[in-house]
Amino acid sequence: PPGWGPPALRCRPCRVVAGHGDLGKYLTVEQLRDLVRPSPATLVTVLKWLRGHGVEDCRSVATLDFLECSITAERLLPGAEFHRYVKGQRSVIRSPQPYSVPEELAEHIDFVGGLHRFPAERSVVSRAWAKEGMESHGQRAAFHLGVMPSVIRKRYNMTKGDIGLLPNNSQACAQFLEQYFHQADLAVFMKLFGSSFAHHTEVDRVVGHQGQGRAGLEASLDVEYIMSTGANISTWVFSNAGRHESQEPFLAWLLLLSNMSALPWVHSVSYGDDEDSLSQVYLQRVNVEFMKAAARGLTVLFASGDDGAGCRRVPGGNHTFRPSFPASSPYVTTVGGTSFKNPFLVTTEVTDYISGGGFSNVFPMPDYQVDAVRSFLRSAPKLPPSSYYNSSGRAYPDLAALSDNYWVVTNRLPLPWVSGTSVSTGPSGRGAGPRSARC
Ligand SMILES: *[C@@H]1O[C@H](CO)[C@@H](O)[C@H](O)[C@H]1NC(C)=O
Ligand SMILES: *[C@@H]1O[C@H](CO)[C@@H](O)[C@H](O)[C@H]1NC(C)=O
Ligand SMILES: *[C@@H]1O[C@H](CO)[C@@H](O)[C@H](O)[C@H]1NC(C)=O
Ligand SMILES: *[C@@H]1O[C@H](CO)[C@@H](O)[C@H](O)[C@H]1NC(C)=O
Ligand SMILES: *[C@@H]1O[C@H](CO)[C@@H](O)[C@H](O)[C@H]1NC(C)=O
Ligand SMILES: *[C@@H]1O[C@H](CO)[C@@H](O)[C@H](O)[C@H]1NC(C)=O
């Protein structure tokens, strides 16, 4: 059972980091462990429960607040009865029956997941894609040459000197769903587009499994653009292989972060789920993981999603917008998308119509954005009816950058017209407001 720490973390580390005078005084993984480690009572109760079912083979993480064990879940969660469900290529294991947990354990477990909920239809809400079919962008082809590092650097006023200068700068992106990058693609990309700034041509470290086979578009662009805006900076890739049968693909990655003492400072992630497809207890626990990362001084950037405000259809009721998570977490920095107003020139940007944005239905609005959001809601010219969104929630994105018409090298070939807020999440620019979508 992940997360048997008491909810002590809910406030403490945020105060440690954000309190006046404490800014920048980040915690080591050992200090974090002392803050989040389970109480002796929790440990005794949980270990007794596990041992009572013959579970001995468990691995902990450095912060001690996760325990990973191989278990026979049907025995541990009485009532549960697992079956394999198949849909097309996908297969998941779920229990159609209710389960129970001994009462004395309830206060020691944050959530039970992966038993009942089926994966959402679209588990990736933010992901780059290449536009296809000449007819649709025959016109676009006549527009400017597309976004490449020189265009981003020009637009965001980055000079030759705006590169990493210290050896302890570091950054990473996390990949899921069998997305792999190729070092050779990065080399071709830098040869084509990297001549005007100092840069690295290799990813320094892959954490996890880097599979063979074709490169993924998402992985290629994440690596190529983080390394050309965060140029001359040591870069890692966290490669989380395999499709998780549950809806919780972030846990494996977050567990890894909790188990490593030396980590890159900046993490960029282009991945998310519909907020309402996840249980609230799970959302709260993942949010705590983001607080832990923040307390260590890590910056975690998430793409805001590519479906505008999203749409949740309510049969017989009123439709509402549909926020995505982790974009909606107040403990990450969420990045939306823009496109050039004049597609011929490197000029001002407007909101990219795909850019995810909206309000969380789970996390209340944090203090730091109250003024900005209130003034946006007061002055925005054409807001959708307020019944579509929950303006008491955390608003996102926090900032936005170009997300349209990128060049990406993948499987040795330069590919134009790649779009998605995932491409803006590496380089981060100026703000854009949430926009309405058809719903
Ligand atoms: C955490 O790291 C330690 C030491 O590197 C390892 O023994 C342990 O198995 C890891 N825990 C998990 C859950 O992977
Ligand atoms: C870049 O510099 C120009 C001229 O100083 C300024 O007008 C513009 O706002 C700057 N752009 C950004 C993204 O900071
Ligand atoms: C790149 O970063 C290294 C430190 O990691 C620094 O020594 C070097 O001067 C930087 N390169 C340039 C061209 O500034
Ligand atoms: C990074 O390196 C510089 C110079 O080597 C040093 O002054 C600084 O304290 C280091 N910062 C961190 C966060 O380790
Ligand atoms: C749908 O919205 C309308 C107008 O805002 C409201 O009168 C009605 O009660 C709503 N219906 C439901 C089921 O919430
Ligand atoms: C609106 O958001 C708040 C959090 O700010 C939440 O407590 C509340 O349940 C949400 N309302 C709806 C209808 O989802």
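The first residue of the sequence shown is numbered 1, and numbering continues consecutively from there. As a basis for the values below, the full set of heavy atoms in this structure was taken, side chains included, without hydrogen atoms, waters or symmetry mates. Whatever order the structure lists ligands and atoms in, that order sets their numbers, starting from 1.
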Tell me the protein heavy atom at minimum distance from atom 12 (C) of ligand 3, and give that distance in Å. Ile163 CD1, 3.6 Å
Considering distance alone, does some N or O of Glu68 sit under 3.5 Å from an N or O of ligand 1? no
Just to confirm, does any protein heavy atom lie below 4.0 Å from atom 9 (O) of ligand 3? no
Of all the non-hydrogen atoms in the protein, which one sits nearest to atom 13 (C) of ligand 3, and at what distance? Ala198 CB, 3.7 Å
Return the closest protein heavy atom for atom 11 (N) of ligand 6 as residue, atom name and distance. Asn390 ND2, 2.8 Å
Return the residue, atom name and 0.1 Å-rounded distance of the protein heavy atom closest to atom 2 (O) of ligand 3. Asn232 ND2, 2.4 Å
Give the contacting part of Leu166 toward ligand 3: side chain, backbone, both or neither, where contact means a heavy-atom distance below 4.0 Å. backbone
Short version for Asn361: what comes under 4.0 Å of ligand 6, heavy atoms counted, is both
Of all the non-hydrogen atoms in the protein, which one sits nearest to atom 7 (O) of ligand 3, and at what distance? Leu165 O, 4.3 Å
Distance to 0.1 Å, residue and atom name: give those for the protein heavy atom nearest to atom 3 (C) of ligand 1. Asn259 ND2, 3.6 Å
For atom 5 (O) of ligand 3, what is the closest protein heavy atom, and at what distance to 0.1 Å? Pro167 CA, 3.4 Å
Residue-ligand contact Ser60/ligand 1, heavy atom below 4.0 Å: yes
Assert yes or no for the condition that the ring centre distance of Phe290 to Phe302 is strictly below 6.0 Å. yes
So Phe359 and Tyr389, would you call those rings parallel, tilted or perpendicular, with 30° and 60° as cut-offs? parallel
Residue pair Cys173 / Phe181, side-chain heavy-atom distance below 4.5 Å: no
Does any donor atom in the side chain of Thr333 or Asp398 lie under 3.5 Å from an acceptor atom in the other side chain? no
